[in-house]
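The structure appears below as structure tokens.
Below, chains carry the letters A, B, ... as their sequence lines are ordered, and counting in each starts from 1.
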Number of protein chains: 12
Amino acid sequence: MGNHIYKKIELIGASPNSSDEAVQNAIAKASQSLRNLRWFEVVETRGQIEEGRVAHWQVTIKVGFTLEA
Amino acid sequence: MGNHIYKKIELIGASPNSSDEAVQNAIAKASQSLRNLRWFEVVETRGQIEEGRVAHWQVTIKVGFTLEA
Amino acid sequence: MGNHIYKKIELIGASPNSSDEAVQNAIAKASQSLRNLRWFEVVETRGQIEEGRVAHWQVTIKVGFTLEA
Amino acid sequence: MGNHIYKKIELIGASPNSSDEAVQNAIAKASQSLRNLRWFEVVETRGQIEEGRVAHWQVTIKVGFTLEA
Amino acid sequence: MGNHIYKKIELIGASPNSSDEAVQNAIAKASQSLRNLRWFEVVETRGQIEEGRVAHWQVTIKVGFTLEA
Amino acid sequence: MGNHIYKKIELIGASPNSSDEAVQNAIAKASQSLRNLRWFEVVETRGQIEEGRVAHWQVTIKVGFTLEA
Amino acid sequence: MGNHIYKKIELIGASPNSSDEAVQNAIAKASQSLRNLRWFEVVETRGQIEEGRVAHWQVTIKVGFTLEA
Amino acid sequence: MGNHIYKKIELIGASPNSSDEAVQNAIAKASQSLRNLRWFEVVETRGQIEEGRVAHWQVTIKVGFTLEA
Amino acid sequence: MGNHIYKKIELIGASPNSSDEAVQNAIAKASQSLRNLRWFEVVETRGQIEEGRVAHWQVTIKVGFTLEA
Amino acid sequence: MGNHIYKKIELIGASPNSSDEAVQNAIAKASQSLRNLRWFEVVETRGQIEEGRVAHWQVTIKVGFTLEA
Amino acid sequence: MGNHIYKKIELIGASPNSSDEAVQNAIAKASQSLRNLRWFEVVETRGQIEEGRVAHWQVTIKVGFTLEA
Amino acid sequence: MGNHIYKKIELIGASPNSSDEAVQNAIAKASQSLRNLRWFEVVETRGQIEEGRVAHWQVTIKVGFTLEA
């Protein structure tokens, strides 16, 4: 994170399996259209409950990426 | 809000009439260029004062929408 | 709010019409089972979007009521 | 909001009718003694409950005004 | 999350194995006495340390459920 | 605070004498109906003023207790 | 706290003896020039240390009072 | 900051040159009407943009001053 | 800031020289692709340290701009 | 608090008697190993409950002290 | 957590595998030089992205330990 | 910021000249006793006022450094 300019966007990833996988899924989605993803920050962790269990982990993250020169 | 990936953007809507209408105006504007708007969250409510009355309600919201597969 | 003991609970009211009505609906619901409701505090305002408009205003409030002696 | 110096004060307006009117009432009161009111920011929305309904909306706002040269 | 009224309660789940399992344990406990659990939000993650390792993950969550008509 | 599940509720205690006594009064009230109270956290301290003095200290606390197996 | 308009100001009271007395001292000072003080809210508690002991408790409060009609 | 009572007010200073100068300008303005200014705290830094550059730095500060005996 | 709709984006500017210049660099970069930039808000100031000195100031800002009709 | 460099550390003091005494106990402990303690800030007040009463007040504070030249 | 005095320090643990392992790694490191570690609190979860995946989970925690008599 | 463990400490730097120099002074002081300083985060900016001007800028920062293997 040296002398570059970065932009941050806010995404919500989901996973039926784990909170970490929800983060990975959001990043995988973002990397389809954005190059130069550099870091993420977790903003909120929540999820949907069905039949007394977590059905979907939903994690809001901010993702930072380099704006190209 | 099941197993999708969402993006959130931050908008400020304005209205001379009410805080709720300021929200509606921001969403109406966003829906011109974005499909799949799903929810909003109010971040801040403020406004401009002229002649001892609220001249413009200005409400900052985050709007979430589905990223298509 | 003198020398009493109060309890606060957290509710989410909804309305298709306005944010204020969402608050009123939550309070009306709470008053069916709780006596001595005294005040509320808005915690969060959000809502669902359908076809480019607010379909449901959803307002999270805390409601305070007197614990009887 | 150019090259001026502003001061902000904190007020609580009330209304039996709506949260927006509570804001308007606080601003109307402030404008009796202060010139150059420029903007407001909502800090907190709460209210009193009587007989299972909102009896008074009470909205805390900060009001900004120009300090004259 | 349409036109319903919800209540949120605050629970702390624990697990010797993982932070996600602590969430699952709190939800499993809540579902013994509450029907209609709909979602959760993580409020805080902490835990106890014994012999230089996490002995218990302790995750505070808010759980939302539908108030029946 | 080992491998148990806890619930937290939010109370406001009052006292004409001190902020600490307001906390004690809220806990004493809660212990009339809840067993297994384990800890509290102060959320907010405020009070009413009469004739230039604090007439009632009012302290909002969260109280945690064990959910029985 | 019915249908009035209130103003809040921010004060820091001090006391060599206790945090509660620091609050009382700020309110006593404010009541010399302001009528209709109604409530206070504690914003921050801090203090100065001398010779390994608290020399001055310093408590920042907001004080609310009625604006007269 | 010993055994005195202080008051804090909230100001917004502006400068075309720097954020620090915006703070200095707010303090200079306040010192025209208030004696005994003792410290400030930065609350928010923002500014206006014109032609792709910062046209006005605008810094919100709280200024503390001694209430005289 | 009258009756327009605005969007805010989040950027991180960097500078080896000063925190203010880091803000200017982020705005200069944004103005290459966005018209109608109107204001910024500082979200966080941080930086990298090399050899006991600040090597890069890194300031996160939100930038607001008008959405065209 | 003039032209010095300070360091802040975070401590939790405890007392069976009062929240103020919990602060004093943390400061007394810190003063055994650190010279030049100058101020403290209360971060959180909580405590343990036994038999329907506060058994231990536990107050988290930050303590600031001068780094010697 | 009875009548002891505790100190809290802030650490950032890292792991290529999971957020929980990042916490464990920070605690394992701390336990090399500190005895009596008692609990941790997660402050922030973030990480580095490489090639569209999380390369390093980085979790900031506060770790509490008993100060010996 | 790869696979290392970091510690963060909290310092307050001061300068009669500017807020940035206050940061530099805190880092310069810390680098006398700590190797491997890597980054800082500004927590709070404040200062002392004398004769209507900022006499000392005081900036609280957190400084992160690598814990050696």
Side-chain angles (χ1 to χ4, degrees), chain A, chain B:
Chain A
M1 284 190 51
N3 207 6
H4 298 286
I5 308 293
Y6 302 92
K7 185 177 178 181
K8 288 204 280 189
I9 57 171
E10 194 165 5
L11 301 173
I12 300 176
S15 161
N17 299 316
S18 73
S19 57
D20 281 7
E21 193 177 272
V23 173
Q24 295 277 19
N25 288 349
I27 292 169
K29 180 73 182 176
S31 67
Q32 291 175 4
S33 55
L34 287 168
R35 285 187 293 174
N36 300 316
L37 301 183
R38 296 294 301 276
W39 82 95
F40 71 95
E41 309 158 18
V42 173
V43 174
E44 184 186 45
T45 300
R46 54 192 296 159
Q48 290 183 310
I49 301 171
E50 291 176 8
E51 299 180 20
R53 285 191 53 77
V54 178
H56 298 290
W57 296 86
Q58 296 167 316
V59 184
T60 305
I61 61 173
K62 292 197 178 181
V63 179
F65 55 96
T66 318
L67 290 179
E68 307 196 20
Chain B
M1 283 190 50
N3 206 7
H4 298 286
I5 308 293
Y6 302 92
K7 184 176 179 180
K8 288 203 280 189
I9 58 171
E10 195 165 4
L11 300 174
I12 300 175
S15 161
N17 300 314
S18 73
S19 57
D20 281 6
E21 193 177 272
V23 173
Q24 295 277 21
N25 288 348
I27 292 169
K29 180 74 182 176
S31 68
Q32 290 175 5
S33 55
L34 289 168
R35 286 187 292 175
N36 301 315
L37 301 183
R38 296 293 301 275
W39 83 96
F40 71 94
E41 309 158 18
V42 172
V43 175
E44 184 186 46
T45 300
R46 55 193 296 160
Q48 290 183 311
I49 302 172
E50 291 176 9
E51 298 179 20
R53 285 192 53 78
V54 178
H56 299 289
W57 295 86
Q58 296 166 316
V59 183
T60 305
I61 61 173
K62 292 197 179 183
V63 179
F65 55 96
T66 318
L67 290 180
E68 307 195 20

(message) As an exercise, state the distance from CG of L11(A) to NZ of K8(B), rounded to the nearest 0.5 Å.
(response)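 Answer rounded to 0.5 Å: 10.5 Å.
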(message) I need the K29(A) NZ to K7(B) NZ distance, nearest 0.5 Å.
(response)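 Result: 12.0 Å between the selected atoms.
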(request) Select one option (side chain, backbone, both, neither) describing which atoms of S33(A) are under 4.5 Å from chain B's heavy atoms. (result)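 When you check distances to chain B, no heavy atom of S33(A) falls under 4.5 Å.
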